[in-house]
J.: 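One structure follows; several queries about it will come next.
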Protein chains: 2
Amino acid sequence: MLSKSAEYALRATIYIALKGSVDNKLGIDEIATAIDSPQYFTAKIMQLLTKNNRVVSSVRGPNGGFYLTDAARKLPVRAVLEAVGEDGIITKCVLGLKECSESRPCPMHEQYRSIKVQLKQMFEKTTIQSLAEETGKGKLVINNRLVKKK
Amino acid sequence: MLSKSAEYALRATIYIALKGSVDNKLGIDEIATAIDSPQYFTAKIMQLLTKNNRVVSSVRGPNGGFYLTDAARKLPVRAVLEAVGEDGIITKCVLGLKECSESRPCPMHEQYRSIKVQLKQMFEKTTIQSLAEETGKGKLVINNRLVKKK
DNA sequence: ATAAATAAAGACAAGTATATCCTTTTATCT
DNA sequence: AGATAAAAGGATATACTTGTCTTTATTTAT
């Protein structure tokens, strides 16, 4: 469904939304441990999230780390996918046909149409903040463990 | 969404269902050209479809090639995905969490639940034959061209 | 029986995604 | 200013996917 990059990006962003703030920035080691992802690889992904698309904010140096602005919290989940170049799931044809469209549909087009719309809505209407709130209610963000709300 | 392997597998199977039969077996070169896929790679995928899971039938030698039995035509699209090991799309968690379940859901679980059900239904209720029939109605199976029904 | 056609199988090459490590830059604190 | 902590950036390694080529096995036709 999604690449590892996208999965880590989403998990990291949700975790940061839940546990971080401007005056409690989270380090990459904490994040990677919390979301059960490889640290160095996750660091690379954070660069995509901070640089290309301004989803996550960061500062270097002592007491530095990652956090989300209030504006960022309101971003749709899709913004995270776009940052890691993984929004094909809501843009591409199921059969991978470049020419597939409403006027020239592929054989699966009709059965997939409404699903695609719903996927799109899920990723566009759901905000990062709302996912973090779900997580706060005891939803998983990492394998085998729940993130405990402080 | 799906891997290249899965896309080629689906396109090839649909094409074979549409144009092939026991007494009109299709060669790998025809198939690959028709569905606009790399020939040798497609040949490998055909091996998965014929060997592991019995979706496609084949015979070697002169007048050999690929075709579908009547039973195979009734198989769900999911059978093709399984043959190429790509059914994670209907089995896995969106965030890639192994522990995600109804009792221990991930933050996206609720929004994704019904979509997942629909994806599952699409792949399980749609048969290979019905996709071929769609194609016969002028739907794309290859880039830039329509498959013309004989 | 032999030749020819075709898929199957195996070996390899190229490309992309994933993962790790090392160095550099930037910010903070003393 | 200097030391330190943290992310950013670059280089490399590993694994997996995708793609190609060659050889082998099998079937059919002559």
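Source: prediction; values computed, not measured. A, B, ... follow the sequence lines: proteins, then strands. Residue 1 opens every chain.
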J.: Which atom pair, heavy atoms only, marks the closest approach of Thr50(A) to Ser57(A)?
T.: CG2-C, 4.4 Å

J.: Under the side-chain hydrogen bond (donor to acceptor under 3.5 Å, both in side chains) test, which residues partner Thr91(B), sequence neighbours left out?
T.: none

J.: Can you find a pair of side-chain heavy atoms, one from Thr127(B) and one from Val77(B), that are under 4.5 Å apart?
T.: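 No, their side chains stay 4.5 Å or more apart.
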
J.: Tell me every residue that passes side-chain hydrogen bond (donor to acceptor under 3.5 Å, both in side chains) with Thr69(A), counting only those two or more places apart in sequence or in another chain.
T.: none

J.: With a 4.0 Å cut-off, would you call Glu30(B) and Lys19(B) a salt bridge?
T.: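 Salt bridge: no.
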
J.: Write down the atom of Leu68(B), the atom of Val55(B), and the distance for their closest heavy-atom approach.
T.: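 Residues Leu68(B) and Val55(B), closest heavy atoms: CD2-O, 3.1 Å.
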
J.: Starting at the 5' end of nucleotides 11-22 of chain C, put B wherever the base has a protein heavy atom under 4.0 Å, S where only the sugar-phosphate does, and a dash everywhere else.
T.: B------BBBB-

J.: Describe the nucleic acid contact of Ile31(A) in one word from base, sugar-phosphate, nothing, applying a heavy-atom distance below 4.0 Å.
T.: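 No contact.
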
J.: Grab the two heavy atoms, one from Met1(A) and one from Leu119(A), that are nearest each other, plus how far apart they are.
T.: CE-CD2, 4.0 Å

J.: In the single-linkage hydrophobic clustering (I, L, V, M, F, W, Y; side-chain heavy atoms under 4.5 Å), do Met122(B) and Ile90(A) co-cluster?
T.: yes

J.: Side chain to side chain donor-acceptor pair (under 3.5 Å): which pairs involve residues 112-126 of chain B, sequence neighbours left out?
T.: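 Of all non-adjacent pairs touching residues 112-126 of chain B, those that pass side chain to side chain donor-acceptor pair (under 3.5 Å) are Gln111(A)-Thr126(B), Gln118(A)-Gln118(B), Arg78(B)-Glu124(B), Glu102(B)-Arg113(B), Ser114(B)-Gln118(B).
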
J.: Starting at CG of Leu49(B) and ending at C1' of dA7(C), how long is that distance when rounded to a whole Å?
T.: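 Spelled out: CG on Leu49(B) to C1' on dA7(C) is 14 Å.
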
J.: Give the residues of residues 61-70 of chain B touching DNA chain D, defined as any heavy atom closer than 4.0 Å, sorted by residue number.
T.: Gly61(B), Pro62(B), Asn63(B)

J.: Walk along DNA chain D from 5' to 3' and tell me the first and last nucleotide with an atom closer than 4.0 Å to a non-hydrogen atom of chain A.
T.: dT4(D) to dA11(D)

J.: Between Asp29(B) (CG) and dA5(C) (C1'), how many Å, whole number?
T.: 11 Å

J.: Please check the phosphate of dA7(C) (OP1 and OP2 only) for any side-chain N or O of Thr50(B) closer than 4.0 Å.
T.: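 No, Thr50(B) has no side-chain N/O under 4.0 Å of OP1/OP2 on dA7(C).
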
J.: Under a 4.5 Å cut-off applied to non-hydrogen side-chain atoms, are Phe66(A) and Val59(A) in contact?
T.: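 No - every pair of side-chain heavy atoms lies 4.5 Å or more apart.
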
J.: Using a heavy-atom cut-off of under 4.0 Å over every strand shown, decide if Ile45(B) touches base, sugar-phosphate, or nothing.
T.: nothing

J.: Surrounding NZ of Lys92(B) (heavy atoms of other residues, nucleotides or ligands, distance under 6.0 Å), is the total greater than 12?
T.: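 It does not: Lys92(B) NZ has 12 such atoms or fewer within range.
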
